[in-house]
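Source: prediction; values computed, not measured. Atoms within a ligand are numbered from 1 in the order they appear, just like the ligands themselves.
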Amino acid sequence: MPFASLGLDARLLDAVRSLGWDKPTPIQLDAVPPGLAGRDVLACAATGSGKTAAFLLPILQRLLDGKGGRVRALVLTPTRELAAQIDEHRRALVGRTGLTGAAVYGGVGMGPQETALRRGVDVVVATPGRLLDHLQHPYTKFDGLEVLVLDEADRMLDMGFLPDVRRILARLPKGLQVLLFSATLPPEIVRLAAELQSSPVRIALERKSQPATGVTQTVWPVAQELKTHLLLALLESGELENALVFTRTKHRANRVADWLAKRGVNAARIHGNRSQSQRTEALDGFKKGRYKVLVATDVAARGIDIEALPHVVNFDVPAQPDDYIHRVGRTARAEREGDAWTFFSPQEEGDLRAIERAVGRAIPRRQLAGFDYTKRSEEKLEIPLGDRIAAIRSRKAEDRKRAAEKAARRTAPRPAAPARPKAPARTQARPAGARRGERVARPAEAPRHEVHHRDERSHRPGPGSATHPTHRPAVDRLPWWLRRDA
Ligand code: AMP
């Protein structure tokens with residue numbers, strides 16, 4: 001069925017055409033008509049299904065009627081990357097309609113976002129945390145709001161954003177059209193939907209979350225310490241041209257990217273410890289081909305949208321089948337074709353089995369011809385947890401010891417200044433004018449402890465000095481059990 005049959009405005013159809021989309025994806029076919037009719041929609045849609053346009057198109061059509069100058073649609077989404085990506089879709093789809101919008105997310109300045117909120121753009125795409133920051137100010141007004149989208153609702157739940165989302169909901173008017181999109185429907189999301197929606201049209205709820213059909217899944221068995229070598233060998237053999245590579249931790253993402261870079265592969269990384277500008281640069285560089293490999297962690301992966309990405313490599317087997325589906329959804333988007341490869345070491349057998357159960361079949365294994373699977377590698381991508389804990393413990397013990405010594409020094413009696421042996425002449429500072437080798441006498445005018453207590457700036461005796469009015473004899477400052485008369 002062509003887009004034209006959905007009943008969209010000619011300007012929106014033009015925009016869709018200019019994106020090169022010939023026909024709606026299944027989720028668009030299901031969700032656009034009820035969205036256009038003003039119905040609430042509850043949709044189970046995996047990433048890569050075309051869900052963004054499935055909610056944006058009906059929203060934009062609705063906003064064509066009516067007055068601007070206030071925020072009329074709000075899209076809440078879990079990550080900055082997703083927010084940026086949805087806003088990019090929004091910009092592409094508005095075409096000549098003149099509808100306005102803004103993305104509101106953390107890691108960048110509040111100023112331009114504030115300006116957009118003050119002006120009242122038509123569509124705001126926001127992450128919950130940053131939107132709450134803006135909601136503290138009177139310039140953020142949602143009294144003209146008509147449509148609310150909760151995108152990747154299950155991920156917002158996983159990331160602990162549900163309380164923030166509820167705080168935002170409390171500030172929105174009642175009676176909104178609510179479109180809720182989620183890859184899975186855990187009970188909390190079902191409850192939230194029941195609170196927010198009235199008789200929603202339910203879409204694909206019975207469909208199990210599965211990677212898109214165009215994805216070829218392959219498992220590459222390899223020893224843990226040879227994973228980087230296998231990745232390099234695949235790149236060098238031409239089997240892999242460019243790839244989005246997922247690692248389990250930020251640490252590993254850094255190490256894999258560094259390891260590849262040292263061997264001449266242009267690799268960038270994207271994870272939660274990177275600043276927004278670093279993430280944008282990495283993603284942009286990868287999209288434009290400056291980087292052959294983009295190494296990412298799951299959280300960062302949620303919002304990555306790269307057209308025609310041929311390869312996704314799971315450097316580590318994901319611990320959750322759901323994460324596997326999402327990672328793999330990065331390739332073969334919108335019914336294109338792609339490869340999802342998973343590096344699998346014997347230690348990860350349990351996780352792989354869970355994934356195979358979830359996708360309902362055994363994933364074929366492959367080996368790279370000519371690769372030495374038996375070679376030894378001393379490389380460790382991360383310091384083992386036990387060693388890390390031991391290092392932290394020993395650092396803390398050191399700190400405690402130093403603190404105890406300091407406390408003891410503070411409370412210990414100050415020894416009477418011993419007769420100081422004369423320092424050898426060569427270790428003393430030479431006053432101006434003295435010649436090299438000349439013996440210099442230490443000034444004899446003040447005993448060392450009194451110099452120490454002097455108020456250096458005024459040259460008056462400081463507190464603690466024997467001649468200062470607040471002076472107490474040293475014995476008074478001893479803890480009581482050390483005083484002779486205790
Ligand atoms: P989404 O699931 O919304 O993240 O979209 C996944 C990708 O599919 C994005 O790169 C979209 O640009 C693309 N896309 C969305 N709808 C269509 C369509 N009808 N035809 C072709 N590509 C599409």
Side-chain angles (χ1 to χ4, degrees), residues 1-8 12-33 35-36 41 43-61 75-95 101 103 123 125 127 149-156 179-184 203-204 207 209-215 244 283-284 286-288 294 296 298 300-312 322 325-338 340:
M1 194 198 273
F3 268 105
S5 58
L6 289 176
L8 291 165
L12 295 178
L13 286 176
D14 279 352
V16 164
R17 217 168 296 125
S18 67
L19 283 168
W21 300 352
D22 322 322
K23 56 182 177 50
T25 63
I27 186 74
Q28 292 163 1
L29 274 178
D30 289 346
V32 172
L36 286 173
V41 170
C44 246
T47 186
S49 57
K51 66 185 169 63
T52 314
F55 60 73
L56 280 180
L57 286 170
I59 290 179
L60 297 177
Q61 170 103 359
V75 181
L76 289 179
T77 192
T79 67
R80 298 166 184 182
E81 281 78 16
L82 268 170
Q85 179 192 310
I86 295 169
D87 194 51
E88 219 173 278
H89 263 78
R90 195 261 319 152
R91 247 176 282 144
L93 288 173
V94 292
V123 186
V125 182
T127 53
V149 178
L150 296 178
D151 179 44
E152 304 227 352
D154 56 342
R155 186 43 56 144
M156 289 205 266
L179 312 175
L180 194 151
F181 284 73
S182 196
T184 58
I203 296 170
R207 209 188 291 154
S209 188
Q210 284 279 353
T213 42
V215 182
L244 183 55
L283 190 54
D284 191 55
F286 183 61
K287 280 182 179 176
K288 296 201 169 121
L294 179 62
D298 272 316
R302 279 289 163 144
I304 299 176
D305 178 24
I306 300 157
E307 292 273 343
L309 179 71
H311 285 288
V312 164
D322 194 35
I325 311 264
H326 271 274
R327 284 187 192 182
V328 168
R330 302 292 112 198
T331 184
R333 289 167 85 71
E335 299 171 336
R336 288 201 182 81
E337 299 205 329

Undergrad: Backbone or side chain, does any N or O of G50 fall under 3.5 Å from an N or O of ligand 1?
TA: yes

Undergrad: Which ligand 1 atoms does T25 reach within 4.0 Å, using its non-hydrogen atoms?
TA: 17 (C), 18 (C), 19 (N)

Undergrad: Closer than 3.5 angstrom, by distance alone: can the side chain of T127 be matched with the main-chain N or O of R80 as a donor-acceptor pair?
TA: no

Undergrad: Is a donor on one side and an acceptor on the other found under 3.5 Å between the side chain of T52 and the backbone of I86?
TA: no

Undergrad: Near K23, which atoms of ligand 1 are under 4.0 Å from a heavy atom of that residue?
TA: 18 (C), 19 (N), 20 (N)

Undergrad: Could you list the atoms of ligand 1 found under 4.0 angstrom from a heavy atom of F3?
TA: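 Matching atoms, with element in brackets: 19 (N).
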
Undergrad: Does Q85 approach ligand 1 within less than 4.0 angstrom via side chain, backbone, both or neither, non-hydrogen atoms only?
TA: side chain

Undergrad: Would T52 count as a polar contact of ligand 1, with the cut-off being nitrogen or oxygen pairs under 3.5 Å?
TA: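 Yes - when backbone and side-chain N and O of T52 are compared with those of ligand 1, one distance drops under 3.5 Å.
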
Undergrad: So which heavy atom on F181 is nearest to which on A45, and how close?
TA: CD2-CB, 4.2 Å

Undergrad: Flag the pair D14 and R17 as a salt bridge only when some basic side-chain nitrogen lies within less than 4.0 angstrom of an acidic carboxylate oxygen.
TA: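 Salt bridge: yes.
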
Undergrad: Identify the residue among Q85, H89, R90 that makes a side-chain hydrogen bond (donor to acceptor under 3.5 Å, both in side chains) with D87.
TA: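 The passing option is R90.
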
